[in-house]
Amino acid sequence: MFENLVEILKANPRKIVFTEGPDARILEAADRLKKGGFLTPVLVGNVDEVKKAAADGGFDIEGLDILDPLTYEGMDAMVDKMVELRKGKMDEEQCRAALSKGNYFGTMLVKMGEADALLGGATYSTADTVRPALQLIKTKPGNKSVSSVFIMVREHEDGSAPEILGMGDCAINIKPSVEEIAECAVESARTAKIFGVDPKVAMLSYSTKGSGAGEDVDKMVEATKLAQEAAPDLDIDGELQFDASVSPVVAQTKCKDSKVAGQANVFIFPDINAGNIGYKIAQRLGGFDAYGPVLQGLNAPINDLSRGCNAEEVYTMAIITAALA
C-alpha cells in the first residue's frame, strides 16, 4: 500500500509541515523522509532548538526548512491574510498571537501555498490541530463538515496483497447528524480509492433493510439516501448489520439484491461510540493495523497524530497525508 502512495508522491513532489519541529519523533520521521527523497518536510519551531534536538538524537535534517513563527519574514502578510479569513472574529493582535503558535502558523503556511499538507498532534491535542484547519483552511465546496476515517490494513503471511478497509467516523463527530454521516460515507469512499480500494460502502446499523425499527435505524436509512444522491457513482447501501455487510452467506439471506452486502470494505458507523469500538476491535482482535484518523472534507490535507505516537506512525501518516494533496 505504501509503495503505491510513495509512487504518487514521486510523480508529484509535495511539502508537508510538521507543527512540532523539536519533537524527537518528528525529527526521526523527517530524517527518514529526507533520505527517501519523495516528500519534503518543513519543520516549525525555534531554529536553534530544532537543530539541537536533531543533533542530540542523531537525526539528519540538513537542508530542510525550519521556520520560526517569531522570526518569520512573511509574518505581516500572514497576519493580514488571517484577519481577512476570520472576518471580524479575530483582530490583528489576536491573529498575531495565534500565529506565534506552531499549529496556527503551520496551518497558514498551507493556506498561503507554502506547503501542501500538514501533520500535527504529537504534542497538540486533536482540537488544537482541527480548530485552525476549520477556521483557516475551511471545508471544501459541497462539504459542511469534517469527518475522519481509519485505514485498516491486514497483511497476509503468504505475501499476497494486504486487505485494506475504511472505517469512519471513529474520531471526530461524536453524535453526527444525518447529513454528517452521509458526507462521511462519500468522503470515506473517495479516500479509500487513494489506497487502491474499490469502495463498497456499508451504512451500519443493528438493522438490515427494515429488520429492526427505531430512531437510530431511520437515521442510517436517511443518511444512506443522502449519500446515494450525493454520489450516484459510488456503491453505497444501508442500513446493514455488520454480518450482512461482510458475509456473502448472510447477505444472500437478508439482502440478496444489494451491490454492497457481503463484500463491503468501507464501514460507516452511526456514531463515535460504535466507530471507536469497532475499529479497535478490528485492530486488537482482527490483526489489522490502524492508520489515522485521516481527516476528510477540508480544502487541504490536515491530519492529527496521537500524542502517544512513535516515529514510525509519524512517517506513515506523513505519507498518507501528503498523498491526499
Side-chain angles (χ1 to χ4, degrees), residues 14-23 26-27 30 40-51 53 61 64-148 171-174 180 183 293-307 314 317-318 321-322 324-325:
R14 291 157 192 173
K15 285 186 177 182
I16 185 166
V17 175
F18 291 105
T19 57
E20 298 128 322
D23 189 282
I26 301 297
L27 292 167
T40 303
V42 176
L43 302 167
V44 174
N46 176 273
V47 176
D48 291 337
E49 185 181 345
V50 172
K51 287 184 175 180
I61 59 167
L64 297 183
D65 286 338
I66 305 171
L67 302 181
D68 184 349
L70 301 183
T71 60
Y72 184 61
E73 291 184 357
M75 181 55 76
D76 288 343
M78 186 177 279
V79 170
D80 289 344
K81 182 64 175 178
M82 184 169 172
V83 171
E84 176 189 334
L85 290 168
R86 296 302 291 137
K87 296 179 179 178
K89 295 178 182 177
M90 294 174 72
D91 61 24
E92 181 179 337
E93 183 179 351
Q94 291 170 321
C95 288
R96 193 173 295 274
L99 289 168
S100 69
K101 301 173 184 177
N103 56 339
Y104 274 93
F105 179 73
T107 304
M108 277 302 293
L109 288 174
V110 175
K111 180 64 179 180
M112 299 182 76
E114 298 299 320
D116 303 293
L118 178 147
L119 186 59
T123 57
Y124 285 112
S125 68
T126 296
D128 285 337
T129 299
V130 175
R131 187 183 306 109
L134 287 172
Q135 292 176 347
L136 305 175
I137 301 296
K138 303 183 179 179
T139 54
K140 60 188 180 183
N143 283 63
K144 296 181 180 179
S145 64
V146 174
S147 62
S148 73
I172 297 296
N173 295 300
I174 296 173
E180 287 170 338
E183 280 193 9
V294 177
L295 301 187
Q296 307 174 128
L298 291 165
N299 267 316
I302 308 287
N303 273 323
D304 178 49
L305 295 161
S306 163
R307 280 175 282 182
V314 177
M317 278 303 295
T321 303
L324 297 170

Which atom of [X] lies closest to which atom of [Y], heavy atoms considered:
X    : Y    : answer
T107 : L118 : N-CD1, 3.4 Å
A115 : V17  : CB-CG2, 3.3 Å
R86  : C95  : CG-SG, 4.4 Å
T139 : K144 : CG2-C, 4.2 Å
P22  : L27  : O-CD1, 3.6 Å

- Item | Atom NZ of K138 with >12 non-hydrogen neighbours under 6.0 angstrom |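 Counting neighbours around NZ of K138, more than 12 heavy atoms of other residues, nucleotides or ligands fall under 6.0 Å, so yes.
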Would you compute the distance between atom [atom1] of [X] and atom [atom2] of [Y] and round it to the nearest 0.5 angstrom?
X    : Y    : atom1 : atom2 : value
L119 : L295 : CG    : CG    : 10.0 Å
K15  : T40  : NZ    : OG1   : 7.0 Å
N143 : N299 : CG    : CG    : 9.0 Å
I137 : L298 : CD1   : CG    : 7.5 Å
Q135 : L85  : CD    : CG    : 10.0 Å
I61  : I26  : CD1   : CD1   : 12.0 Å

Below 4.5 Å, heavy atoms only, C-beta onward: do [X] and [Y] meet side chain to side chain?
X    : Y    : answer
L99  : M108 : yes
N303 : V294 : yes
L136 : M82  : yes
M78  : P69  : no
E20  : N103 : no
Y72  : V44  : no
V110 : E114 : no
Y104 : T19  : no

- Query: Is a side-chain donor or acceptor of T321 paired with a backbone partner of A318 at a separation under 3.5 angstrom?
  - Reply: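 No, the answer is negative, given that no donor and acceptor are paired below the 3.5 Å cut-off.
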- Message: Pair I172, S148 - check side-chain contact (heavy atoms from CB on, under 4.5 Å), show working.
- Response: CA-CA 6 Å; I172 297 296; S148 73; 3.6 Å; yes
- Item | Candidate pair M317 and L305, rule side-chain contact (heavy atoms from CB on, under 4.5 Å), full reasoning | CA-CA 8 Å; M317 278 303 295; L305 295 161; 4.0 Å; yes
- Which is it for D91 and V83 under the side-chain contact (heavy atoms from CB on, under 4.5 Å) test, yes or no, and what are the steps along the way? CA-CA 6 Å; D91 61 24; V83 171; over 6 Å; no
- Kindly indicate, with the supporting measurements, whether the criterion side-chain contact (heavy atoms from CB on, under 4.5 Å) is fulfilled by R307 and Y124. CA-CA 7 Å; R307 280 175 282 182; Y124 285 112; over 6 Å; no
- Does the side chain to side chain donor-acceptor pair (under 3.5 Å) test come out yes or no for E183 and S145, once each step is laid out? CA-CA 8 Å; E183 280 193 9; S145 64; 2.9 Å; yes
- Task: Kindly determine whether E93 and R96 satisfy salt bridge (Lys or Arg N to Asp or Glu O under 4.0 Å), including the steps that lead there.
- Result: CA-CA 5 Å; E93 183 179 351; R96 193 173 295 274; over 6 Å; no
